[in-house]
*Asks:* 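I am attaching a structure below and will ask some questions about it afterwards.
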Amino acid sequence: MGIHNSDVADAFDEIADLLSIEGENPFRIRAYRRAARIVRSFPRELAEMRGASEFEAIPGIGADLAKKIVELIDTGRLKALDALRRRVPPQTRELLGLPGLGPVRVRALMSELKVENRQDLERAIAAGRLTTVHGFGAGIQSRLEAALARRGAPEGRLQLSVAAQYAKPLREYLASLSGVSRVEIAGSYRRGRDTVGDLDVLVCAARGAKVFESLRRYADLREISASGTTKASGVLRNGLQVDVRVVPRRSFGAALHYFTGSKDHNLHTRRLAQEKGWKLSEYGLFEGERQLAGATEEGVYRALGLTFIPPELREDRGEIEAAARNALPELIERADIKGDLHVHTDASDGTDSLERMVAAAQAQKLSYVAITDHAKHLGIVHGLDAERLARQADAIDALNERLRGFTIFKGVEVDILEDGKLALADAALERLDVVVVAVHDHFNLSASRQTRRILRALERPRASVLAHPSGRLIGEREPYACDFAKIFDAVRERGGCLEVNGQPSRLDLTDSLIKAALERGVRLSLASDAHSGDQLAHLEGAIRQARRGWATRRDALNTRPVSEVRSVLRQ
DNA sequence: GCCGTTTTCGGCCCGACTGTTTTCAGTCG
């Protein structure tokens, strides 16, 4: 059993929690949390790397944490964590997740009442002992009772597209209120992250109280948990947390910057301000009392000596340094996209005919589309065999004859079998323009077998696009274990493409893997993987994801005109 | 615990809201 990055991150998070309950130095705790975040989204498997010296080169990982990573990979354990668990009962962590309970109050519960987990807490409340502890009043008790009654874990993160269904109506409602001049959904929603934990809503208005009064009447709202003069928090009926912040016009840009995040990006920009002797907060950039910037985000960045940083890049992954050098990438946009190299029809598991998919692509202002129905394989519904694939190719040739200014590429999406062979023989692929290869089963092979399997498939002469390359399904399945660096190099060397799949539940590649791939010079294919005409809109998801991976127009094949695409695919 | 064209020691973002307070600590983002 190998150690994955998420195991390392989990260990660091647990250390941070337990240290906080112990009352350790908050900056030391922050270092562990930061390291956990970095490791969790790190594009390479740490276990595949060379060791301490390479770990130390990662910003945020120093000598001590590098040694701990080595120990965890080599032995599967961490002595420091084991010792910590003996000093602080590990179940106390679950108390930290309850509203109003932080490290100080958890420590008080442990020492005063011997409360170490949720059950202990329930019993203490039932016995009426909670309010005997200093700092615990009736208010906190009733909040805790409510939280304990709700049971289970708090609602997890929503897929971005699901969150959008709630964000858009809320935004419209708030924007319609009198006195409100502008509303933005900020946070990870605005950064285009693949999942959203809560909605951070920024409202430009002179007075917060009136806005919050109206918020209380919003039909989809379940409760308001906090409400002051500039800030209110509530929960929608579906459990989604909503934080609304009201700011005046002169602070709107600074507040939008602050509320968009990410946390690490904000900390970094605030440090920049500090170095110049200034102060950056949600109210603006200040030199003493004097406001230097704040009405617009552009103004805040400019005053800090930075070019405007698109929200998708704000993860403190080098964007601030790049902006200081005026070296940010010109991120890919919808208008750059000329075609889609991965769509399905009702010949396999799609719902629309070839003709309707073509019409939908034309309506999306695309100039080409590749029809890539599934090839026949175990578990694939209505997959095409060589004969049906040939008949579809005939139909596409005939339809291409009639089309003006639009091209249909003949393609297929073919399974990579467990041993790396393809589910169709090379001969059946020869006539096609685009061969999309993909893993659809056996996700749990060892990293070395999974890597060998995919590398072998990429050696097939006609394989051109590796679809949804990590295999992850958001909230359901993690990326499979595999040496992505080797796969990226193989794709580049054969002149193929890595797909960025825009299906809302996939968004695969992930942002950090896209960035890693581009650093290795790999070309992308941004694809909708549409199974119906209206799903061509999923291209938007692929574009957002590619932007988060620092992709420019030049990084994607399907920003090129049809002639160039054909020659690249045929080489 | 990390990090360094001011530093290898001494810093580490900043503000809102709540509750139990009587001037503020704790929590949250």
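Proteins come first, then strands; the chains are lettered A, B, ... in the order of their sequence lines, and each starts at number 1.
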*Asks:* Mind checking A:T269 for me? I need base, sugar-phosphate or nothing, with any heavy atom below 4.0 Å counting as a touch.
*Replies:*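 Nothing, no heavy atom under 4.0 Å.
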
*Asks:* Does A:A138 reach a base, just sugar-phosphate, or nothing at all? Heavy atoms under 4.0 Å.
*Replies:* sugar-phosphate

*Asks:* Could a donor-acceptor pair under 3.5 angstrom be found where the side chain of A:Y283 meets the base of B:dG15?
*Replies:* no

*Asks:* Heavy-atom distance under 4.5 Å between the side chains of A:D511 and A:D194, does that happen here?
*Replies:*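 Heavy-atom side-chain distance check fails, nothing below 4.5 Å.
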
*Asks:* In terms of side-chain heavy atoms of A:A31, which of B:dT18, B:dG1, B:dC12 is nearest?
*Replies:*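 Minimum distance to the A:A31 side chain belongs to B:dG1.
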
*Asks:* Would you tell me if any nitrogen or oxygen in the side chain of A:R34 comes within less than 4.0 Å of OP1 or OP2 on B:dC12?
*Replies:*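 Indeed not, no polar side-chain atom of A:R34 lies that close.
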
*Asks:* Which nucleotide sits closest to the side chain of A:K231: B:dC13, B:dA16, B:dC2?
*Replies:*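 Closest nucleotide to the A:K231 side chain: B:dA16.
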
*Asks:* Would you please confirm or rule out a distance under 4.0 Å between OP1 or OP2 of B:dC13 and any side-chain N or O of A:R270?
*Replies:*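 Looking at the OP1 and OP2 atoms of B:dC13, neither is under 4.0 Å from any side-chain N or O of A:R270.
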
*Asks:* Is the base of B:dT7 syn or anti, where syn means the angle lies within 90° of 0?
*Replies:*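 Syn conformation for B:dT7.
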
*Asks:* State which of B:dT21, B:dT27, B:dC3 makes the closest approach to the side chain of A:P59.
*Replies:*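 Nucleotide nearest to A:P59's side chain: B:dC3.
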
*Asks:* Answer with base, sugar-phosphate or nothing: what part of the nucleic acid does A:K68 contact at a heavy-atom distance below 4.0 Å?
*Replies:* sugar-phosphate

*Asks:* Out of B:dC13, B:dG1, B:dG29, which has the shortest distance to the side chain of A:D243?
*Replies:*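 The listed nucleotide nearest to A:D243's side chain is B:dG29.
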
*Asks:* Over all strands shown, is A:S233 touching base, sugar-phosphate only, or nothing at heavy-atom distances under 4.0 angstrom?
*Replies:*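 Here A:S233 touches no strand at all.
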
*Asks:* Where the side chain of A:K279 is defined as all heavy atoms beyond and including C-beta, which of B:dG19, B:dG1, B:dC14 is the nearest nucleotide?
*Replies:* B:dC14

*Asks:* Of the listed nucleotides (B:dA16, B:dT21, B:dT27), which one gets closest to any side-chain atom of A:E282?
*Replies:*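 From the listed options, B:dA16 comes nearest.
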
*Asks:* Looking at A:Q274, does any N or O in its side chain come under 4.0 Å of the phosphate oxygens OP1/OP2 on B:dG11?
*Replies:*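 Checking A:Q274 against B:dG11: no side-chain N or O falls below 4.0 Å of OP1 or OP2.
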
*Asks:* Under 4.0 Å, heavy atoms only, any strand: does A:N266 hit a base, just the sugar-phosphate, or nothing?
*Replies:*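 Contact class for A:N266: none.
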
*Asks:* Answer yes or no: is there a side-chain heavy-atom contact under 4.5 Å between A:V201 and A:D243?
*Replies:* no

*Asks:* Assign A:L267 to base, sugar-phosphate, or nothing according to its heavy-atom contacts below 4.0 angstrom with the strands shown.
*Replies:*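 Counting heavy atoms under 4.0 Å across all strands, the contact made by A:L267 includes a base.
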
*Asks:* Nearest to the side chain of A:S281, heavy atoms from C-beta on, is which of B:dG26, B:dC14, B:dG29?
*Replies:* B:dC14

*Asks:* Give a yes-or-no answer on whether the side chains of A:R190 and A:T260 include a donor-acceptor pair shorter than 3.5 Å.
*Replies:* yes

*Asks:* Select one nucleotide: of B:dT18, B:dT20, B:dC2, the one nearest the side-chain heavy atoms of A:A226.
*Replies:* B:dT18

*Asks:* Which part of the nucleic acid, if any, lies within contact of A:G135, taking any heavy atom under 4.0 Å across all strands shown: a base, the sugar-phosphate backbone alone, or nothing?
*Replies:*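 It contacts sugar-phosphate atoms only.
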
*Asks:* Scan A:I29 against the nucleic acid and name what it touches under 4.0 Å (heavy atoms): base, sugar-phosphate only, or nothing.
*Replies:*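 The residue A:I29 makes no contact with any strand.
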
*Asks:* Counting side-chain heavy atoms from C-beta on, which of B:dT20, B:dC13, B:dG1 comes nearest to A:K263?
*Replies:* B:dC13

*Asks:* Please give the nucleotide sitting opposite B:dT8 as a Watson-Crick or G-U wobble pair, both distances under 3.5 Å, or none.
*Replies:*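 Paired with no nucleotide.
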
*Asks:* Going by atom types alone, do A:R193 and A:S188 pair a side-chain donor with an acceptor below 3.5 Å?
*Replies:* no

*Asks:* Does the side chain of A:D17 come under 3.5 Å of the side chain of A:S20 through a donor N or O and an acceptor N or O?
*Replies:*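 Distance-only check fails for A:D17 and A:S20.
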
*Asks:* Examine the base of B:dG1 for any acceptor or donor lying under 3.5 Å from a partner atom in the side chain of A:N25, and report the outcome as yes or no.
*Replies:*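 Donor-acceptor pair under 3.5 Å: yes.
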
*Asks:* For a quick check of understanding: with a heavy-atom distance under 4.0 Å over all strands, which category does A:P26 fall into, base, sugar-phosphate or nothing?
*Replies:*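 No contact.
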
*Asks:* What nucleotide among B:dG1, B:dG15, B:dC13 has an atom nearest to a side-chain atom of A:D64?
*Replies:*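 Among the listed nucleotides, the one closest to the side chain of A:D64 is B:dG1.
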
*Asks:* Is the backbone N or O of A:S214 less than 3.5 Å from a side-chain atom of A:Y173, with the two atoms forming a donor-acceptor pair by type?
*Replies:*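 Checking the backbone N and O of A:S214 against the side chain of A:Y173, a donor-acceptor pair under 3.5 Å is found.
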
